[in-house]
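Here's the structure we're looking at; comments come further down.
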There are 2 protein chains.
Amino acid sequence: MTPSGTADRARPTRAAAGVKEVAAAAGVSLGTVSNVLNRPEMVSAATRAKVEAAMLSLGFVRNESARQLRAGSSRIFAYLMLDAGNPFFTDVARGVEEAAREAGLSVFLCNSNEDARREADYLDLLEQQRVQGVLITPVDPDSPRLSQLPARGTPVVVVDRAIDDGEHCSVAVDDVFGGEVALSHLLELGHERIAFVGGPNNIGQVTDRRAGARRAMERAGRPAEDLIDLVTGALTVAEGRGAGQRLAGLPAARRPTAAFCANDLLALGLLQQCVSLGLRVPEDLAIVGYDDIEFAAAAAVPLTSVRQPRQLLGHTAAELLLDESSNPDHEHQRVTFTPELVVRTSTRGNSPS
Amino acid sequence: MTPSGTADRARPTRAAAGVKEVAAAAGVSLGTVSNVLNRPEMVSAATRAKVEAAMLSLGFVRNESARQLRAGSSRIFAYLMLDAGNPFFTDVARGVEEAAREAGLSVFLCNSNEDARREADYLDLLEQQRVQGVLITPVDPDSPRLSQLPARGTPVVVVDRAIDDGEHCSVAVDDVFGGEVALSHLLELGHERIAFVGGPNNIGQVTDRRAGARRAMERAGRPAEDLIDLVTGALTVAEGRGAGQRLAGLPAARRPTAAFCANDLLALGLLQQCVSLGLRVPEDLAIVGYDDIEFAAAAAVPLTSVRQPRQLLGHTAAELLLDESSNPDHEHQRVTFTPELVVRTSTRGNSPS
DNA sequence: TCGGGTTTCTGAAAGGTTTCAAGTGGATTG
DNA sequence: CAATCCACTTGAAACCTTTCAGAAACCCGA
C-alpha cells in the first residue's frame with residue numbers, strides 16, 4: 001500500500017461566462033437568454049438557436065446560487081442518513097433517489113454517522129442552502145433543531161422513525177412489532193437464555209426493538225428482565241464482533257443460547273466472532289438480525305432477520321416530502337409499514353422441541 | 001408490509017428573516033451584521049451581543065445562495081460515487097469526509113449508480129452549484145464533461161482511477177497489479193480452469209483487473225485466452241448470483257475450478273449461489289474477491305480478497321482537492337497505492353499440490 | 001484643546017439570475 | 001391605409017449577502 005506519485009503542471013482556470021456574455025454574443029437581451037433557459041417555448045426558434053449556439057461556444061454554466069437567490073426555490077432534496085456504511089440506509093437512499101428522479105429533482109446524501117453533532121451541523125448547512133426539503137433518519141429525533149426547520153420553511157420528513165409532534169411527516173416501520181416477532185421466534189424455538197444486542201440507547205430503533213423483544217418475553221409469561229442486555233456503542237460490524245467476544249467469554253452455563261441483534265451489521269459481526277471462537281451457529285447460539293440487508297443471506301450462516309421494505313420506505317418518504325414542498329394544503333402523514341421475519345439457517349434447525 | 005397512515009394538519013410556514021431585519025432589530029447597519037457573521041473580531045463585544053441576540057430572536061438563517069453569489073466560494077465538496085450500495089465506496093467516502101472535516105468543509109454525496117447519464121446529470125448540477133470541488137469515481141473517465149469542469153473553474157479529483165490527461169489529480173490503486181496478484185494466487189494453488197467474473201467492460205476497474213489476471217496467466221506460460229470470461233451487467237451481489245447460476249450449470253468437466261471476481265459484491269453473490277446449488281467452496285470452486293470489504297470476512301466461506309486502502313484513498317483524494325482549490329501553484333498529482341492479497345478460506349486448503 | 005492614530009461602524013455597490021410590465025415590429029383585418 | 005393583434009423582445013427591478021472606502025467616535029499625549 002505504498003503510494004507513488006507523479007507531478008504534473010496545473011492548468012490555469014478560466015472564469016465561466018454568464019447570461020450577460022451570452023446575450024452579448026448572441027446579440028439579444030439578457031431577458032431573452034433567461035427565457036431560453038426557463039421558457040424556451042416563448043422564444044422563436046431562430047433566436048433560441050442563436051442563443052444556444054452562444055451558450056455552447058462560451059461554455060455557459062448557469063449559476064445556481066443566483067438562480068436560487070432570485071427564484072427562491074432549489075430543486076434539491078437532501079437525505080441525511082444515520083450511517084452511510086449500512087446497506088440498509090443506502091437502499092433507503094435508492095428509493096429516495098428514484099422518487100426524486102421521477103419528479104425531476106436531485107438528491108444530495110449526507111452522513112451523520114450516528115453523531116448528533118454532525119447531524120446538527122448538516123441541518124444548519126442544509127437550511128442555509130435552502131434545499132427544497134430534507135429527509136432525515138435522525139440520531140436525535142427530539143432535537144430542537146429538527147423542529148425548527150419546518151417552522152422556518154424547510155420541510156422535513158423523518159425516515160425510519162415515527163414522530164407525531166405535528167411538525168413533520170414520518171415514514172417508519174413498526175420496530176416494536178419487529179422486535180416482538182423476532183423474539184417470539186426464538187422463544188418458540190425453546191430458547192431460555194436470550195440476549196438482546198444493541199446500542200447506544202439514544203437510538204430509537206434500538207430502544208423500540210428492545211421494547212418489542214421485552215414485550216414478547218412478557219407475553220410468553222416471563223419477566224422482561226430475563227432478556228439479557230448486551231449494550232453496544234454503535235450499530236456496526238466491529239461492535240458486533242466486540243459483543244461476540246464478550247458473549248463467547250461467558251461460561252457455557254450462563255451464556256445465552258440465542259441472540260437478537262438490533263441490526264444485521266451487529267449480527268454479522270457477532271456471528272463472525274462467535275464462529276471464529278468455536279461456537280456453532282445455531283446449535284450453540286442462534287442469531288436473529290434486523291433489516292435483512294443483502295449480505296444477511298450471504299453470511300457464514302445465512303441469517304434469520306427481520307425484513308423491512310427499505311426502498312419503499314425511501315420512495316414513500318420522498319413522495320411525502322414532494323407533496324409537502326409543493327402542495328399548499330398538504331397534511332402531515334405518519335406512514336407505518338409492518339416488517340416480516342425471514343427465517344434462515346442461523347436459527348432454524350435448532351428447535352429443541 | 002402494509003402501510004397504515006395517520007393524517008395531521010400542516011403548519012403554516014414563516015419566511016426567514018434576513019440581515020436587513022436583523023440590522024433593524026439590533027439598531028445597527030447592515031454591514032455590521034455581516035461583520036458579526038464574517039469577522040466577529042472587528043465588532044465591539046457590546047454590538048456583537050446585540051446583533052447575536054437579534055439573530056436568535058428572529059431565527060436568522062444565513063442565505064448561502066446569496067453569500068455564495070457575492071463571495072464566489074462555496075465551502076462544499078461533493079463526492080460522486082460509482083455505487084453508494086457498495087461498502088467499498090462508502091468507506092472511501094468516510095475518508096473524504098474526514099479530510100474535509102479537518103479543513104472545515106462539508107461533503108455532499110452523490111450516487112451515479114454506474115449510470116453514465118446520471119453521472120453527467122450530477123456533474124452538471126454540481127458545476128451549476130459552484131461547489132468548491134468534485135471528487136469522482138467515474139463511470140466514464142473519458143467523458144468530455146469531466147475534463148470541462150476543471151477548465152471552467154471547478155477542480156476535480158478522480159478517485160480509484162488513474163488518469164493522466166493533465167486535467168485533474170487522481171488517486172488510485174494499482175488494479176492491474178491487484179488482478180495479477182489474485183490470479184497468481186489461484187495459479188499457485190494449481191488451478192487450471194479459471195474464470196474471471198466481472199463487467200460491464202466500460203468500467204475501468206473491471207478491465208484493469210482482468211488485464212492483470214491475463215498478465216498473470218501469461219507469466220505462468222499460459223495463453224491469456226485460457227482465462228474464461230464471465231461478463232456481468234453490473235458489480236452487484238445480484239449479478240454475482242446470476243454468474244453463479246451460469247457457472248454451476250456447466251458440466252463439471254468444463255466448469256472452472258476457480259473464479260476471480262472483479263469485486264467482493266460479485267464474489268459474495270457467486271459464493272452464495274454456488275453454495276446453495278451444492279458446490280463446495282473451495283473444494284469445487286475457489287473464489288477470490290476484490291476490495292476486502294468488511295462483509296468479505298463474514299461471508300459463508302470467508303473470502304480471499306484483494307485489499308485496498310479504502311479510507312486512505314478518500315482522505316488523500318480530498319487533500320489533493322483541497323490543495324487544488326486553495327493553493328494557486330498547485331500541481332496535479334497522480335497517486336497510486338498498491339493493493340495486497342488477503343488469503344482466507346475461500347481459496348486456502350484447496351491446494352492440490 | 002488639538003492633531004493624529006485606532007477602533008468601530010456605515011452606506012452603497014456588486015454579484016448573476018429571474019420576472020414582468022412595457023415595447024417592438026410584422027401580419028391581419030376592416 | 002390605418003387600426004388591431006399577436007408573437008417576441010427588452011430593460012430594469014429584485015433577490016440577499018459581502019465588501020470596502022470612508023465616516024464617526026474615541027483615545028492618547030502634547
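Chain letters run A, B, ... following the sequence lines, proteins first, then strands; residues in each count from 1. Nothing here was measured: the structure is a model prediction, and the numbers come from that model. Side chains included, hydrogens not; waters and symmetry mates left out as well; all remaining heavy atoms used.
A side-chain donor-acceptor contact under 3.5 Å links Ser325(A) and Gln132(A). Side-chain polar atoms of Asn38(A) and Arg67(A) form no donor-acceptor pair below 3.5 angstrom.
Taking 3.5 Å as the limit, the base of dT18(C) and the side chain of Arg70(A) contain a donor-acceptor pair of atoms between them.
Between the side chain of Gln68(B) and the backbone N or O of Gln129(B), at least one donor-acceptor pair lies under 3.5 Å.
The phosphate of dT19(D) (OP1 or OP2) has a side-chain N or O of Arg39(B) nearer than 4.0 angstrom. A close approach under 4.0 Å does occur between a side-chain nitrogen or oxygen of Asn38(B) and OP1 or OP2 of dT18(D). The side chain of Ser44(B) contributes an N or O atom lying less than 4.0 Å from OP1 or OP2 of dC9(C). Note on Thr32(A): a side-chain N or O is less than 4.0 Å away from OP1 or OP2 of dT10(D).
Distance from the side chain of Arg62(A) is smallest for dT17(C) among the nucleotides dT17(C), dT8(C), dT19(D). When distances are taken from the side chain of Ser34(A) to each of dT19(C), dT17(C), dT17(D), the shortest belongs to dT19(C).
Nucleic acid contact for Val28(A): sugar-phosphate only, since backbone atoms but no base atoms lie under 4.0 Å from a heavy atom of the residue. Asn35(A) comes within contact range of at least one nucleobase, with a heavy-atom separation under 4.0 Å. Among the atoms of the strands shown, only primed sugar atoms or phosphate atoms (P, OP1, OP2) are found under 4.0 Å from some heavy atom of Val43(A).
By the ring-ring contact (aromatic ring centres under 6.0 Å, His included) test, Phe108(B) is found to be paired with Phe108(A), residues two or more places apart in sequence or in another chain being considered.
Taking atom CZ on Arg75(A) and atom P on dT18(C), their separation rounds to 12 Å, with Å as the unit. Computed from coordinates, the Asn63(B) CG to dT18(D) C1' distance equals 12 Å when rounded to whole Å. If you take CD of Glu64(A) and C1' of dG16(C), they are 12 Å apart, rounded to a whole angstrom. With rounding to whole Å, Arg130(B) atom CZ is found 9 Å from dG16(C) atom P. Summarising the geometry, the separation between CD on Glu41(B) and P on dC9(C) is reported as 12 Å, rounded to the nearest angstrom. In this entry the distance linking CZ of Arg67(B) with C1' of dC15(D) reads 17 Å, nearest Å. Remark: C1' of dT10(C) and NZ of Lys20(B) are 16 Å apart, rounded to the nearest angstrom. Rounded to an integer number of Å, the gap from Gln129(B) CD to dG16(C) P is 16 Å.
For the pair Asp140(A) and Arg145(A), the salt-bridge criterion is not met [side-chain N within less than 4.0 Å of a carboxylate O].
The nearest pair of heavy atoms linking Arg48(A) to Pro40(A) is NE-O, 3.5 Å.
Each of Ser29(B) and Leu69(A) was matched to the nucleotide of DNA chain C holding its nearest heavy atom; the match closer to the 5' end belongs to Ser29(B). Nearest-nucleotide positions on DNA chain C place Arg48(B) closer to the 5' end than the other of Arg48(B) and Ser65(B). Along DNA chain D, the nucleotide closest to Thr47(A) and the one closest to Leu30(A) are compared, and the more 5′ of them pairs with Thr47(A).
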